[in-house]
Each structure stands twice: as C-alpha cells, then as structure tokens.
Visitor: 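I'd like to ask some things about the structure below.
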Protein chains: 2
Amino acid sequence: MRVRIEDVAAAAGVSMKTVSRVLNHEPGVRQSTRARVMETVVALDYRPDPSARSLAGNRSYLVALLYDNPSPNYLMEIVTGVVDACEQHHYGMVMQPVAFHDPGLADTIESLVNASRLDGLILTPPLTDSQALLDRLDERGVPFSCISPRHPQGRIGVTLDEHEAVCELLAQLIGLGHRRIGHVRGHPDHGASEWRMAGYRSALRRAGLRYDPALVVDGEFSFDSGLAAGFRLLDLPSRPTAIFAANDDMAAGVMRAAAERGLRVPDDLSVCGFDNTPISQQMFPRLTTVQQPTRDMGQVATMQLLGTIRDRGAGRMVKMPYALQGRQSTGPAPAEK
Amino acid sequence: MRVRIEDVAAAAGVSMKTVSRVLNHEPGVRQSTRARVMETVVALDYRPDPSARSLAGNRSYLVALLYDNPSPNYLMEIVTGVVDACEQHHYGMVMQPVAFHDPGLADTIESLVNASRLDGLILTPPLTDSQALLDRLDERGVPFSCISPRHPQGRIGVTLDEHEAVCELLAQLIGLGHRRIGHVRGHPDHGASEWRMAGYRSALRRAGLRYDPALVVDGEFSFDSGLAAGFRLLDLPSRPTAIFAANDDMAAGVMRAAAERGLRVPDDLSVCGFDNTPISQQMFPRLTTVQQPTRDMGQVATMQLLGTIRDRGAGRMVKMPYALQGRQSTGPAPAEK
DNA sequence: CTGTTAGCGCTTTCAG
DNA sequence: CTGAAAGCGCTAACAG
C-alpha cells in the first residue's frame with residue numbers, strides 16, 4: 001500500500017500539517033522537529049502524491065515548453081537544459097508544439113494553460129517575437145520565460161547579444177582583408193534575423209565600409225535556402241570574397257554552392273555562420289561560427305520561470321555569453337585582381 | 001470563477017455523475033441526455049480539472065518519453081509523433097532523459113513512475129534493448145510501449161524489419177556490380193547495429209559472396225566514428241568499392257574520408273547509410289539510404305500505449321514499413337583493374 | 001439508465 | 001511553533 005502523509009505524521013508523532021510544512025520548506029517548524037520528520041520520510045520512503053498536491057495546492061508542478069518548428073538540434077539542447085532545471089525542483093516538463101502563424105494562437109495557449117493547470121511556460125523563438133502573445137499572457141497572469149525574445153525589456157528569460165556577436169565575427173573577417181562581404185539573412189519571422197543583419201551593418205559601418213544591398217539576400221534558415229542564396233551571391237558580376245550566413249545550416253548551403261562553382265573555401269571564399277551546430281564541425285573545411293550556450297539558456301530560462309512561479313517578481317532577464325569559434329572556413333581575402 | 005462539473009450538472013439538469021459519464025465516454029447514458037450534456041459543456045466552456053481527475057481516478061493523464069542521448073533529429077521526430085497521439089487523447093507527454101548505463105536505472109524509473117503517477121512509458125533505443133529493464137517494468141505492472149526493441153516478442157510498440165531493409169539495400173549495391181563491400185557497424189549497445197550487421201551478412205550470403213571480416217569495422221553512430229572507420233576501410237590494401245554505414249551520420253563521415261583520400265563518390269566508391277536524416281540530403285552527392293517512418297513510429301507506439309492503459313491486453317507490436325531512398329551516392333562498381 | 005454518497009491525499013484555513 | 005477541521009474537483013461504488 002502507498003505511504004500517505006498521515007502515516008508519516010503518525011510515525012513521527014506530529015500532525016499532518018507539520019509534515020506538510022517540512023516538505024514544502026515552510027517556516028515555523030522547530031529544527032529538531034523538522035529533522036525528525038525528514039528521517040521518517042526517508043525511512044518510510046514517502047513520496048507526496050502529485051495529484052493530491054496539485055488539487056489541494058492549486059498548481060500542477062508542470063511547465064510546458066512551447067515551440068514552433070525550430071531546428072531539432074537547437075530544440076533538443078534547450079530541452080536538455082529545461083529538463084535539467086525542472087528535475088532539481090521536482091517539476092515536470094511537457095512538450096507543446098504550437099503554430100506560430102495560427103491567428104488563434106493566444107487563445108489556444110490560454111485554454112491550454114487553463115485546461116492543464118500549467119504553472120508556467122517557456123517560450124522559444126519565434127514565439128518570443130510576438131509582442132501581442134507575450135502581452136496577452138502577462139495580462140492573464142500566466143508566468144512565462146522567454147528565450148531570446150525580440151524585445152527583452154520588462155520580460156523574464158534569457159538573451160544573448162547577437163548584434164555584438166555578429167559585429168565581432170565580421171570584425172575578424174574585415175581584419176583578414178575582406179571588403180566585399182555578403183550576407184544571407186535568416187527567416188523574416190525571427191528576431192534573430194534582424195539582430196544578425198543589424199550586426200552586419202554595424203560592423204561595416206564601424207570599419208568604414210559601404211553597405212551594398214546587392215550583397216544581402218534573403219534566406220530562411222534552411223540548408224536549401226542557403227544554397228540558393230549562395231548561388232545568387234556567387235553569380236554576382238562582382239562577387240563577395242566572404243559570406244556571413246545567419247546560421248550554420250545556411251552557411252553549409254553556401255559552402256556547397258561554392259563547391260559547385262568550383263570555388264575553394266577559404267582560399268577563394270570565406271564563409272561563416274552562427275549557432276555552432278554539429279554540422280559546423282562536420283563540414284570540410286570546418287565552419288567559423290558563433291557559439292550560443294543553448295543548453296544553459298534553457299536551464300537559466302527555466303530557473304527564472306520557477307523563481308517567478310514561487311514568487312512573482314523574482315524572475316529577471318539574464319544576458320548569456322557567446323563565444324566566437326574561429327575555424328578553417330575563414331581566411332585572408334584573396335589578392336585583388 | 002472556474003466552471004466545475006457541478007455547474008454543468010445543474011445547468012443540464014442532471015447529476016454530476018452523468019456529466020462524468022458523458023465526458024469519459026462511459027456507456028449507460030441515453031443519447032439525448034448525452035447530447036444535452038455536451039451542449040452544456042460547450043456552452044459553459046467547461047474543462048475538467050486534471051488534478052482532481054487524477055486524484056479521484058487514480059491516474060495522471062501523463063506519459064513519459066524515456067531516452068538516452070539519441071540523435072536530436074531522430075528524437076524530435078519521435079516526439080512529434082508522440083505528442084500528436086497524446087493530444088488526440090488529452091494526454092500530456094513529459095520528457096525524461098535517463099542514463100542507459102546507470103546500474104540503478106530500473107530503480108530510478110520505478111520511483112519516477114511512482115512519484116509522478118505516470119500512466120505509462122514510451123521507451124526509445126537503446127533502452128528497449130535491455131531485457132532486464134523491460135522485464136522489470138512488466139513485473140511491476142507499468143504499461144510501456146517500445147520503439148524498435150531488440151526482442152519484440154511479447155511486447156507492445158513498433159518495429160521495423162531492419163534486417164530485410166538492409167538486405168534490399170545491399171542487393172541493390174550487389175546488382176550494381178559491387179563485390180567488395182565494406183560495413184561500418186553502429187554503436188555496440190544498440191540492437192539496430194546487430195540487425196544491420198546481420199542484414200549485411202545475409203545479403204552477401206544470398207548473393208554467394210564471401211564474408212570478409214576485414215571489411216567490417218566498428219563505429220558508434222557518430223560522424224567522427226564514421227570518418228575514422230572510413231579511413232580504415234579506404235586504406236586497406238584491397239579497398240572496398242562500396243561501403244554501407246549503419247547510419248547516415250557515419251556515412252557522412254565515410255564520404256568525407258573518401259574526399260580526403262581523393263576518391264570520387266560514386267565513381268570510385270559507392271556509399272550508403274540508414275535513417276534518411278536531413279544530412280543525407282545535404283551531402284554532395286546525396287546519400288542513398290533507408291527511410292524509417294520515425295514520426296509515425298512515435299505516433300503508433302503511443303497509440304498502442306494508450307490502448308494498453310485503457311485496457312490491459314489491448315496493445316500489440318506493430319510492424320512499420322521502410323522505404324529505400326536510392327540517390328546519387330551509389331553507382332556501378334568501377335571496372336576491375 | 002441515472003443519482004447519491006464517500007472518499008482520493010494533500011494543503012489551507014483558523015485555532016490553540 | 002503546532003494541530004484539527006474543512007475542503008480542492010472529480011470519480012467509484014453502490015443504490016435506485
């Protein structure tokens with residue numbers, strides 16, 4: 001038979017409520033009593049029943065990870081971080097795919113929260129780019145944590161200074177003598193595409209280089225879009241000597257386009273990406289890119305969320321560090337012809 | 001204020017229990033009553049409280065997906081299928097990473113189930129290869145569903161005839177004139193490695209080709225292990241004209257090794273893999289491989305699990321179809337020298 | 001076919 | 001600092 005709180009109370013010679021207090025780290029229990037209760041809990045191998053706890057306490061000990069079709073690599077890293085943080089706090093995480101473009105998204109999420117009594121949400125890009133969605137959740141008092149939101153002000157979660165990261169990356173390229181640098185943009189829905197594009201422009205400006213719109217083409221974060229964009233840039237009458245793609249998958253596409261045009265990387269063309277996904281190490285030559293601490297981002301975002309759940313007003317927006325990964329896909333600019 | 005079953009009952013002019021019966025699809029309610037109740041439910045936008053339901057009904061409406069470090073692509077496909085099936089049945093799925101090599105794994109899982117009152121588990125490889133674990137769960141009466149278990153007999157879940165799939169794949173290679181065919185094995189922990197190896201041997205036997213142990217090298221499903229294995233095979237005094245790697249990541253490694261040795265694929269060397277992961281389409285040339293319906297496998301495994309939960313004895317082992325993906329990485333064997 | 005009565009195991013009052 | 005009682009919202013068991 002299952003051990004109940006009542007049994008623990010009887011065995012420890014206290015009331016149920018005292019056991020409950022100890023288990024929930026509530027104040028107002030003498031140290032010695034607390035110790036005795038804990039011993040009994042361990043001795044009896046007592047585990048509180050989550051359903052009963054939820055019903056009485058009006059919370060579920062569950063958070064949901066909301067996502068819409070991101071890269072599996074990225075998402076799994078986030079998941080690992082989130083689950084890790086949840087485990088430490090005896091929370092569970094449920095996966096919740098949603099459709100970013102669904103006009104009824106906010107309603108869907110709201111009824112989801114109501115129906116499942118979720119204690120909080122973790123939002124991943126591009127969901128974190130929808131001001132309307134975030135405002136709605138705030139309005140309804142649903143605790144949530146954002147990963148890389150487009151507008152971090154006044155929200156809780158994690159960000160990364162992608163603008164600055166791209167500036168540094170581009171500064172390296174410029175330092176290698178590149179003057180005509182192309183850019184493959186990310187999916188227009190993603191705030192990240194904007195930041196990375198802005199970083200690209202800032203870097204050019206800081207170096208006193210002219211911004212040439214012809215050198216910027218749209219992509220959508222996929223390998224295929226990178227391939228297509230690569231061809232467009234490489235077939236330009238005056239082609240760039242370096243290309244910065246807004247993520248690694250597209251950079252891989254660019255490298256493939258270069259190969260098909262008979263260009264050698266990095267001798268004829270330097271290529272760099274963003275994200276440091278596994279593919280960046282499997283390409284030949286290995287890709288210069290920027291590493292985000294994705295797993296830690298999931299972890300920290302979750303900890304901020306759990307803080308908020310426990311104590312509204314406790315969570316904040318945490319800035320995470322990035323790290324440039326200089327590898328063999330970038331090199332000195334070819335000599336002027 | 002939240003709508004309760006009591007409110008619905010009052011509004012519909014029936015008892016709580018009748019509402020409960022309707023909501024749980026229990027028999028013994030007149031059609032007209034059922035319809036009236038449903039209308040009221042919709043009108044009031046009533047959602048049963050999962051915690052109360054769990055407490056009273058003694059189940060959680062939660063299943064867990066257990067995994068140990070599989071490929072993100074594979075796992076996310078599974079997740080998508082599982083979540084999809086769960087959604088239809090108003091179940092939630094929690095992610096539960098575990099350590100396959102932990103000697104206390106069975107205990108961990110057992111206490112996990114007890115502590116969270118999980119209704120069932122979905123196990124992914126290599127967890128499904130541990131007879132001891134599966135037996136233990138059976139013994140404890142925990143419902144679970146297996147994805148690609150090493151020994152499918154008497155379990156519920158999904159399998160795929162990997163042996164036969166590999167035979168077909170190899171038969172194509174042999175049909176192209178290849179006689180010296182290498183194999184890069186998968187991680188020794190995975191049943192899949194055995195099946196694929198066995199398929200390789202069967203195909204050779206059926207074609208009357210001699211099995212040469214020198215042409216088989218160990219890998220562990222990673223790109224790097226495929227790269228290393230590729231070098232070993234290609235540096236053989238009498239190297240193979242085709243290589244079958246037990247998964248796509250390793251096949252990618254082999255292709256890279258070929259490139260570094262100056263061999264052209266498929267002119268000098270044919271390469272094929274298994275899994276049809278995205279990388280297989282991003283390589284140049286595109287990789288010949290075998291597609292598993294991974295998402296459907298997650299879906300079907302979950303439906304079998306939910307069936308078992310509702311009615312012990314309802315779930316079964318479902319055989320899923322595979323599909324050969326012939327692409328450009330395989331071609332006729334080079335002429336004998 | 002439908003309703004009544006007890007709990008499920010915990011936390012929250014509110015008293016001591 | 002500790003305890004007794006009163007539910008949380010639902011379903012199970014038994015009546016009708």
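In the text below, chain A, chain B and the rest are named by the order of the sequence lines, each starting its count at 1. Everything numeric in this text was worked out from a predicted model, so none of it was measured.
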Visitor: So, for B:M317 and B:P152, which heavy atoms are closest and what is the spacing to 0.1 Å?
Guide: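 For B:M317 versus B:P152, the nearest heavy atoms are CE-O, 3.7 Å.
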Visitor: Return yes if some donor-acceptor pair links the side-chain N/O of A:T33 with the main-chain N/O of A:V29 below 3.5 Å, else return no.
Guide: no
Visitor: B:I5 has a side chain; which of D:dT11, C:dC14, C:dC10 sits nearest to it?
Guide: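 Out of D:dT11, C:dC14, C:dC10, the nucleotide with an atom closest to B:I5's side chain is D:dT11.
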Visitor: Side chain of A:P48, heavy atoms from C-beta onward: which of D:dG3, D:dT11, C:dC10 has the nearest atom to it?
Guide: C:dC10
Visitor: Let me know the distance between CG of B:D7 and C1' of D:dC10, rounded to the nearest Å.
Guide: 13 Å
Visitor: Return the value, rounded to whole Å, for the distance between atom CZ of B:R47 and atom C1' of D:dC10.
Guide: 17 Å
Visitor: Base, sugar-phosphate alone, or nothing: which one does A:P27 contact when heavy atoms must sit under 4.0 Å apart?
Guide: nothing
Visitor: Consider the side chain of A:E26, meaning its heavy atoms from C-beta on, and name the nucleotide among D:dG9, C:dT2, C:dT12 that approaches it most closely.
Guide: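 Minimum distance to the A:E26 side chain belongs to C:dT12.
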Visitor: Go through C:dT11, D:dT2, D:dC10 for me and flag the one nearest to the B:A56 side chain.
Guide: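 Selected nucleotide: D:dC10.
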Visitor: Could you check which of D:dT11, D:dC8, D:dG3 has an atom nearest any side-chain atom of A:R21?
Guide: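 Of the candidates, D:dG3 comes closest.
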Visitor: Among C:dT12, C:dG3, D:dT11, find the nucleotide with the atom closest to the side chain of A:K17.
Guide: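 The listed nucleotide nearest to A:K17's side chain is C:dT12.
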Visitor: Please confirm whether the shortest side-chain N or O distance from A:Y46 to OP1 or OP2 of C:dC10 is below 4.0 Å.
Guide: yes
Visitor: Is the Lys NZ or Arg CZ of B:R4 less than 6.0 Å from the centre of B:Y46's six-membered ring, within 45° of the axis?
Guide: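 No, B:R4 does not sit over the ring of B:Y46.
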Visitor: Between C:dG9 atom C1' and A:L23 atom CG, what is the distance in whole Å?
Guide: 13 Å
Visitor: Can you name the closest pair of heavy atoms from A:I5 and A:S20 and give their distance?
Guide: CD1-N, 3.8 Å
Visitor: Keeping the roles fixed (side chain from A:D119, backbone from A:V63), state whether a donor-acceptor pair exists under 3.5 Å.
Guide: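 No, because the side chain of A:D119 does not come within donor-acceptor range (under 3.5 Å) of the backbone of A:V63.
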Visitor: Measure the distance from CZ on A:R4 to C1' on C:dT11 and round it to the nearest whole Å.
Guide: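 Nearest whole value for this atom pair: 16 Å.
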Visitor: Indicate yes or no for a side-chain donor-acceptor contact from A:Q96 to the backbone of A:L66 under 3.5 Å, with no hydrogens or angles considered.
Guide: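 No; zero donor-acceptor contacts below 3.5 Å.
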Visitor: Within the structure, does a side-chain N or O atom of A:S15 lie under 4.0 Å from either OP1 or OP2 of D:dT2?
Guide: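 Looking at the OP1 and OP2 atoms of D:dT2, neither is under 4.0 Å from any side-chain N or O of A:S15.
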Visitor: Is the distance from OP1 or OP2 of C:dT2 to the nearest side-chain N or O of B:R30 less than 4.0 Å?
Guide: yes
Visitor: Please tell me which of the listed nucleotides, C:dT11, C:dC8, C:dG3, lies nearest to the side chain of B:L55?
Guide: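 Closest nucleotide among those given: C:dC8.
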Visitor: Tell me: CD of B:E6 to P of D:dT11, nearest whole Å?
Guide: 13 Å
Visitor: It should be established whether A:T18 places a side-chain nitrogen or oxygen under 4.0 Å from OP1 or OP2 of nucleotide D:dT2.
Guide: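 False: A:T18 side-chain N/O out of range (4.0 Å or more) of D:dT2 OP1/OP2.
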Visitor: Would you mind reading off the distance between A:N58 atom CG and D:dG9 atom C1', rounded to a whole angstrom?
Guide: 11 Å
Visitor: Test B:Y61 against B:R53 for side chain to side chain contact (heavy atoms under 4.5 Å, CB included), laying out the working first.
Guide: CA-CA 9 Å; B:Y61 295 94; B:R53 220 179 195 202; 3.7 Å; yes
Visitor: Any idea which of D:dT2, C:dC10, D:dC10 is nearest the A:D49 side chain?
Guide: C:dC10
Visitor: Provide, to the nearest angstrom, the distance between the CZ atom belonging to A:R59 and the C1' atom belonging to C:dT11.
Guide: 9 Å
Visitor: Does the side chain of A:L134 come within less than 4.5 Å of A:C146's, by heavy atoms?
Guide: yes
Visitor: Could you tell me the separation between the CE atom of B:M16 and the P atom of D:dA12, rounded to a whole number of Å?
Guide: 12 Å
Visitor: Across the strands shown, which category fits B:N24 at heavy-atom distances under 4.0 angstrom: base, sugar-phosphate, nothing?
Guide: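 Sugar-phosphate only.
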Visitor: Does anything in residues 32-42 of chain A reach DNA chain D, meaning a heavy atom under 4.0 Å, and if so which residues?
Guide: A:T33
